[in-house]
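Every chain is numbered from 1, with letters handed out A, B, ... down the list of sequences. Here the structure is a predicted model, which means the values were calculated and not measured.
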Protein chains: 2
Amino acid sequence: MEIETATAATPHKGRPREFCVDMALAAALRVFWSKGYEGASMADLTEAMGITKPSLYAAFGNKEALFNKALDLYEREKADYMHAALDAPTARGVAERLMYGALDMYTCPENPNGCLGVITSVACGAEAECIRQAVLERGAAAKRAMLERFARAKEEGDFPPDTDAEGLAAFLTAVNQGMSVQAGAGATRAELERLVETSLKLWPGR
Amino acid sequence: MEIETATAATPHKGRPREFCVDMALAAALRVFWSKGYEGASMADLTEAMGITKPSLYAAFGNKEALFNKALDLYEREKADYMHAALDAPTARGVAERLMYGALDMYTCPENPNGCLGVITSVACGAEAECIRQAVLERGAAAKRAMLERFARAKEEGDFPPDTDAEGLAAFLTAVNQGMSVQAGAGATRAELERLVETSLKLWPGR
DNA sequence: CTATTTCCATAACGGCTGGTATATAAGTGG
DNA sequence: CCACTTATATACCAGCCGTTATGGAAATAG
């Protein structure tokens, strides 16, 4: 029926699965991304993935494990602009790459609008608390990396000497989060572009 | 058992209710505020409100109507700093009042952390879509008011002449939303203060 | 007092949730 | 051909969801 998984290296015995794990995971990511962890029901997921519930549980474990794998995929393929941004030669370059990268991702027509991390970390019932904690930890790690980068930038003279690098990291993160919220609220790409350009005009140093 | 509603002006016939509607609504607001619309179950609500489900339905209609009344209360008593901020004499004053007002509210120990509007607008399953739309409409109205204020500020010379007032409104909104996200993620008041001070240092004009 | 009205408490409703048991289909190794 | 292993399909589970019907309790009106 469906495309086989291409890893013919290990010719497993038993009945081969009829769906591609990677494609199914990508479909699951889209559902989580647009509806959030709790808003995505197993029925939503199985329908989007084109498989039945037993197949899902056999291949991915359970809903929580599926989400974590989708989150890995998200960071690897969608949010890699964050890591790339930190390699920019100047702090201004970091801010530029980060904001335009976020802008592109949030407004890409084939993606849901907004940031999966923001969506998942904001609010949840009691049973999703560990999911929320996992997402928060990734956000904290990203912020730590940005902080180190800005500390270096300050040493390199990218900022005026009285600059609060930690405050600037929180600031850049906040604008990014706000952009995600506004994208989810239906802001157009043109509106978000003006937000980015305004923010960069205010950005200090080089 | 509980405190009676103080409106003895109309001595209704029939059995009087044993709880205070306003206090129950305030309790419901706290639940929605910390768990979101979908994350707040009727069991959560009735427990926090100290009433049973039939009492809730008799007094407030249903979950959606209860949320809308809680949202009214929120705007009236918690988010009034937004309207107050627009009365500041200069655009910088608007930004100051808005950010410090948000900071105070997001970090007040007796409030849940973050902004109810952001929490509710971010992600939801299908059945909460109309709730989300209602919240988005209020956010859009707030943004429109800020936009008008900044257009006036530009005429009054609060900004450099080449300023994008619309971009600045989106910017201020984004920082506010980001602050809400970070507050919900567990940021300390000190961290958010540095975010606010950094943002105000970058804010243009007077 | 009774009649009436309103509220409270219990318990239940249909529907959906995440998660599974069972039976069958489709492959491989002998 | 026959085991054996793995995946699929159907049906089902207990539990929670928002919501409501039912019966009794507490007030006023006459």
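Between the NZ atom of B:K63 and the P atom of D:dT20 there is a distance of 14 Å, rounded to whole Å. Here C:dT17 presents its C1' atom at 9 Å from CD of A:E127, a figure rounded to the nearest Å. Put simply, OH on A:Y57 is 16 Å from P on D:dT8, counting in whole angstrom units. Between the CZ atom of B:F60 and the P atom of C:dC7 there is a distance of 12 Å, rounded to whole Å. D:dA7 atom C1' lies 13 Å from atom CG of A:L56, rounded to whole Å. Residue B:R15 contributes atom CZ, which lies 6 Å from atom P of D:dA26 at whole-angstrom precision. Atom pair A:I51:CD1 and D:dT8:P shows a separation of 7 Å (rounding to whole Å applied).
Checking the phosphate oxygens (OP1, OP2) of D:dT8, no side-chain nitrogen or oxygen of A:T52 falls inside 4.0 Å. Contact check, A:R17 against D:dA7: a side-chain N or O comes under 4.0 Å of OP1 or OP2. The phosphate of D:dA27 has neither OP1 nor OP2 within less than 4.0 Å of any side-chain N or O from B:K13.
With salt bridges taken as basic N to acidic carboxylate O contacts below 4.0 Å, one links A:E18 and A:R15. Electrostatic pairing of A:R152 and A:E148 does not count as a salt bridge here, judged by no charged N lying under 4.0 Å from a carboxylate O. The residues B:D104 and B:R97 are annotated as not salt-bridged, no charged nitrogen and carboxylate oxygen being separated by less than 4.0 angstrom.
Around atom CD of A:E47, no more than 12 heavy atoms belonging to other residues, nucleotides or ligands sit under 6.0 Å away.
Non-hydrogen atoms lying under 4.0 Å from DNA chain C are contributed by nothing in residues 25-43 of chain B.
Within the cation-pi definition used here (under 6.0 Å to the ring centroid, within 45° of the axis), A:K63 does not qualify as a partner of A:F32.
For the pair B:G61 and A:K53, both in contact range of DNA chain D, the more 5′-proximal nearest nucleotide belongs to A:K53.
Of the candidates C:dC7, C:dG19, D:dT20, the closest approach to any side-chain atom of B:P54 belongs to D:dT20. You'll find that the side chain of A:F19 is closest to D:dT8, out of D:dA27, D:dT8, D:dA25.
When side chains are defined from C-beta on, A:R17 does not count as touching A:S55, because their heavy atoms never get closer than 4.5 Å.
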Side-chain donor/acceptor pairs under 3.5 Å, residues 180-188 of chain B, sequence neighbours excluded:
residue: B:S180; atom: OG; partner: B:C115; partner atom: N; Å: 2.9
residue: B:Q182; atom: OE1; partner: A:K143; partner atom: NZ; Å: 3.4
residue: B:Q182; atom: NE2; partner: A:A170; partner atom: O; Å: 3.2
residue: B:Q182; atom: NE2; partner: A:Q177; partner atom: OE1; Å: 3.1
residue: B:T188; atom: OG1; partner: B:E191; partner atom: N; Å: 3.1
residue: B:T188; atom: OG1; partner: B:E191; partner atom: OE1; Å: 3.4

